[in-house]
Amino acid sequence: MKNYDHNKIEKKHQAAWDKKKIYHAKNGGKGKRFYGLIEFPYPSGAGLHVGHIRSNTAMDIISRKRRMEGYNVLYPIGWDAFGLPTENYAIKTGIQPEKVTKQNTDMFRKQLKSIGFSFDWSREVNTTDPKYYKWTQWIFLQMYKKGLAYKSKTFINWCLNCKIGLANEEVVNGKCERCGGDTEKREKEQWMLAITKYADRLDKDLDDVDYLEKIKIQQRNWIGKSEGSEIEFSIKNSPEKIKVFTTRADTLFGVTYVVLAPEHELVNKLKPQISNWNEVEKYILDVKKKSELDRTAEDKEKTGVEVKGIKAINPANWEEVPVWIADYVLVNYGTGAVMAVPAHDERDFLFAKKYNQEIRQVVAPLFITTEGESAIRKDQPFVKRDTIVSIVKHWSEDKYLCLMWKTQNWKTFVIGGTDGEDPHIAGAREIREETGYQNIKFISTLGRAHAQFYAPHKKENRWANVVGAYFELIDGKKEDTSDNEKNLHDIVWLTKEEVEKIIDKEEAVIFWNNMLGKDQAYTNEGILVNSGKFNDLSNVDAQKEITKAVGGKIVTKYKLRDWIFSRQRYWGEPIPIIHCEKCGYVPVPEKDLPVTLPKVKSYVPTDNGESPLAIMHKWVNTKCPKCKGKAKRETDTMPNWAGSSWYFLRYTDPKNNKELASKKALRAWMKNGVDWYNGGMEHTTLHLLYSRFWHKFLYDLKLVPTSEPYMKRTSHGMILAEGGVKMSKSVGNTIDPKDIVKLYGADTLRIYEMFIGPFDQAVSWSTESIIGSRRFLEKVWRISGNSFASKTDKELETLLHKTIKKVTEDIESMSFNTAISAMMVFINEVEKTKSISKKDFELFLQILSPFAPHITEELWISKKSIHVSKWPKWDKKKVIDSNFKIVVQVNGKVRTEMMIDSDMNEEIIKKQALEDKVIMPWIEGREVKRVIYVKGRLVNIVV
RNA sequence: GCCCGAGUGGCGGAACUGGUAUACGCGCACGACUUAAAAUCGUGUCUCGUAAGGGAUGUGGGUUCGAUUCCCACCUCGGGCACCA
């Protein structure tokens with residue numbers, strides 16, 4: 001047998017597959033179909049990356065398996081070729097982007113072919129091809145016609161380095177996502193796409209697709225759906241109103257001020273009434289000057305100024321509250337104004353502390369005792385009581401008064417009922433009665449809480465509405481207390497540390513912390529207090545009730561913003577709009593599409609932020625399609641998310657010049673959407689969301705059969721360099737797949753990248769480890785050169801069928817690493833026993849073939865390609881061992897193993913275990929309490 | 001701060017639904033073949049202990065006959081979001 005010469009074999013079969021077109025998807029026919037999709041690559045000058053190979057191989061394995069299972073498979077490839085790197089290269093070198101793109105795609109194509117992917121190369125698409133972007137432009141025009149594409153003067157994120165407007169999504173921590181340079185806010189007219197109109201559906205329809213849960217979560221977070229209320233605050237002596245958005249309408253009675261975003265339109269409208277306009281205006285200018293980075297800086301100390309002369313009126317209690325402007329309120333979320341409830345919102349709390357605003361509690365926490373002697377007794381009614389907890393400080397020392405109860409295991413502050421009295425009166429009375437101290441000074445209340453517990457001394461469930469109060473004794477003057485009180489508890493003075501050790505009731509702890517000034521916003525659920533007729537309602541129920549009572553509206557808001565769609569760049573799809581002096585914006589007639597990019601001399605964007613296209617007067621100046629008058633073309637281009645928002649549709653019918661794809665082709669391939677789409681987590685919030693949005697739009701136009709583009713979405717982990725750091729050119733730790741293919745072969749590289757670790761997790765590259773994959777393939781090669789047995793050894797046959805089962809199932813769950821491990825185990829076993837039939841070995845080659853398509857094709861005997869052969873089925877009878885090993889444990893510790901036959905029943909096995917020589921000494925002289933048998937696994941003897 | 005995910009040998013990692021922890025691979029050590037080296041093959045490889053046996057899956061508790069797996073608290077790392085009311 002010849003040596004395993006991967007170079008020769010791989011080239012030979014790649015050429016043969018191309019010639020025989022075995023991976024071409026058939027358009028006609030009735031059989032079952034499978035559409036497997038990977039994110040089409042951006043053909044960068046750096047060439048194919050090992051990361052591309054990992055994700056492409058995974059879907060290649062799945063596609064190859066589907067083909068062998070009899071599916072008509074579409075596994076296409078194309079180029080997402082518009083974009084900044086190519087343009088920047090053009091700026092630097094002056095070489096036309098088309099030329100660079102052509103070079104790069106040629107290189108990528110060659111490299112991808114050298115890995116042996118089963119792409120249908122006849123359906124290659126390229127987003128920069130005018131025949132392709134004609135339809136990108138066409139879709140834009142449909143959006144324009146439906147009012148979803150509009151021009152708007154907005155603050156955009158401007159990258160000072162790229163000289164380009166960025167979408168919110170492209171700004172990371174105030175820096176440009178692409179170049180890492182500084183960004184600033186600039187006001188500019190931009191084309192926008194109204195993705196927010198689809199926000200609700202983009203959220204809701206996630207229920208119906210099979211995406212990894214973490215992908216759904218990320219999408220949902222990004223969309224940021226939030227249900228709440230819009231409530232209007234009148235302004236004193238003005239017809240204007242402040243509309244706020246809140247998710248906590250239940251806390252309306254706790255509003256102590258109202259905050260507007262500095263950019264809020266009311267600020268200017270109310271100018272005549274504002275008595276400190278200079279101060280307000282200065283603050284607004286300061287905020288504008290602040291870069292995005294400063295505004296989101298880490299310490300984020302909140303700032304703001306009060307708008308004097310303006311008072312808002314709380315619709316719940318007609319209280320007048322001050323109005324502030326502060327930049328912690330965002331103009332473009334909700335209504336740009338919030339009601340501040342410092343007691344129950346952390347941001348408002350911090351702001352209130354800094355600017356000395358009132359903090360008013362309206363939600364009391366509810367503490368339920370469920371353990372110990374005070375645990376509530378189920379099925380008993382609650383007796384409601386108003387109670388008070390008084391913290392009493394010593395007249396001269398830093399000590400506090402506590403009661404040690406004699407009748408039950410309670411250690412408390414001074415407690416008692418209030419009988420409807422004010423806290424300072426009720427508290428003082430209780431202190432006198434229970435402790436005898438006479439000269440008491442009321443300092444402050446400490447908040448409210450509800451507590452449910454069982455009172456053993458009264459034998460009843462209590463529901464206490466507790467108020468906390470803080471008192472100081474003026475002197476030690478003390479009178480005798482009644483015998484009754486004396487028998488109830490002892491009085492002790494404790495230091496702070498001692499108090500903290502013994503006080504365990506949660507409401508007491510809260511009051512204690514409040515007394516010490518360690519208070520914080522309470523944002524959890526609870527019972528309403530200080531809220532007029534809504535008192536005692538649960539805060540959740542109160543949200544709707546209070547909204548209704550003040551004439552508010554229940555509304556849903558989203559974090560998602562409309563998509564800034566224009567770029568001031570050359571290398572993108574021209575936006576097909578004409579500006580006419582008379583008619584305004586006029587869409588380019590569909591028959592004139594595509595609007596192609598003109599050839600320009602310089603690709604440098606202009607300093608005033610215009611695209612290089614703006615100085616192409618010949619191209620820019622045109623006639624208005626409507627009035628035939630003087631007009632100019634739009635010089636902004638589309639972002640490179642445009643072409644990738646619908647490319648998967650084009651694959652179904654890539655050469656169609658009349659439609660973006662024929663209905664027939666779409667019905668055939670997209671009947672349920674793309675069956676399986678794998679890509680990177682980095683595209684979860686942008687590409688995935690954008691393309692879902694476009695697809696839903698096309699669905700509404702009845703152009704595509706489903707409202708969701710992708711039925712199933714999975715994601716791969718990144719490949720990191722050795723040592724777990726990112727691969728990067730500048731560090732010089734990148735791996736060129738070409739070198740690996742040359743040295744070890746494409747099959748080895750494929751196996752290695754699938755074996756390297758769990759597919760969905762990031763893994764570190766290790767050149768040292770590749771040899772293992774190569775050795776595995778060499779063993780396969782060597783075995784095929786041996787003479788085969790007429791019949792496969794019985795145990796080996798069982799292992800083969802187990803392996804077929806495991807590989808079949810592992811591919812579906814993308815557990816490629818364990819599938820390969822199982823095949824390695826099998827091959828190791830074959831080497832040991834050396835008796836496998838030719839037929840059985842071929843079954844093995846078949847399950848290996850999706851992973852290593854070249855070597856298996858070479859070793860496959862039949863004239864027809866192994867890749868069109870039928871996927872092996874495991875034999876249910878043959879995956880069960882006739883006898884196997886189980887372990888025997890004593891008290892959960894393994895003591896011995898024994899062989900049993902599959903037909904032995906439980907009683908016999910248990911008996912055999914108990915009589916085992918090794919086991920006997922372990923159970924001798926001890927009582928066998930239980931014997932547990934787990935089928936096919938173990939016997940556990942409990943003594 | 002919030003939301004995900006993950007912590008297992010020297011390394012990458014495996015373990016079904018709670019049932020022999022460390023499969024498979026790399027590396028390492030020793031041996032065989034060789035004048036030698038590479039390649040290949042074989043044996044060994046969590047840890048303490050001569051052994052019997054004990055201890056180990058980030059830490060500390062809990063549930064269970066039995067926990068890497070379930071529950072509670074905490075620590076570390078990775079990813080996402082980040083003043084979204």
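In this text the structure is predicted, and so the values were computed from the model without any measurement. Letters A, B, ... are given to chains in the order of the sequence lines, protein chains preceding strands, and every chain is numbered from 1.
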Please state the P separation for the pair B:rG13 and B:rC65 - nearest whole angstrom. 36 Å
What does B:rU63 pair with, Watson-Crick or G-U, if both distances are under 3.5 Å? none
Provide the Watson-Crick or G-U wobble partner of B:rG1, both distances under 3.5 Å; none if there is no partner. B:rC81
Lys NZ or Arg CZ of A:Lys302 over A:Tyr328 ring: under 6.0 Å, within 45°: yes
Any strand is fair game: report the nucleotide pairing with B:rU50 by Watson-Crick or G-U wobble, both distances under 3.5 Å, or none. none
Quick one: on RNA chain B, does A:Lys806 or A:Gly772 contact a more 5' nucleotide (nearest heavy atom)? A:Lys806
With rounding to the closest Å, how many angstrom separate the P atoms on B:rG9 and B:rU47? 12 Å
Taking only the P atom of each, what is the distance from B:rU59 to B:rG25 in whole angstrom? 29 Å
Scan every strand shown for a Watson-Crick or G-U wobble partner of B:rU40, both distances under 3.5 Å, and answer none if you come up empty. B:rA32
Determine which nucleotide pairs with B:rU69, using a 3.5 Å limit on both distances of a Watson-Crick or G-U wobble pair. none
With a cut-off of 6.0 Å (strictly less than), are more than 12 heavy atoms of other residues, nucleotides or ligands near NZ of A:Lys557? yes
CG (A:Leu688) and NZ (A:Lys216) are apart, to the nearest 0.5 Å, by 12.0 Å
Give a yes or no on whether a donor-acceptor pair under 3.5 Å exists between the nucleobase atoms of B:rC65, that is its base, and the side chain of A:Lys929. no
Considering Watson-Crick and G-U wobble pairs with both distances under 3.5 Å, what does B:rC74 pair with? B:rG58
Rounded to whole angstrom, note down the C1' distance from B:rC11 over to B:rG18. 29 Å
Say you pick atom P in B:rA23 and the same atom in B:rA14; how far apart are they, in whole Å? 13 Å
Closest-nucleotide 5' rank along RNA chain B - winner of A:Ala762 and A:Ile820: A:Ala762
What is the pairing partner of B:rU20, taking Watson-Crick or G-U wobble pairs with both distances under 3.5 Å in any strand? none
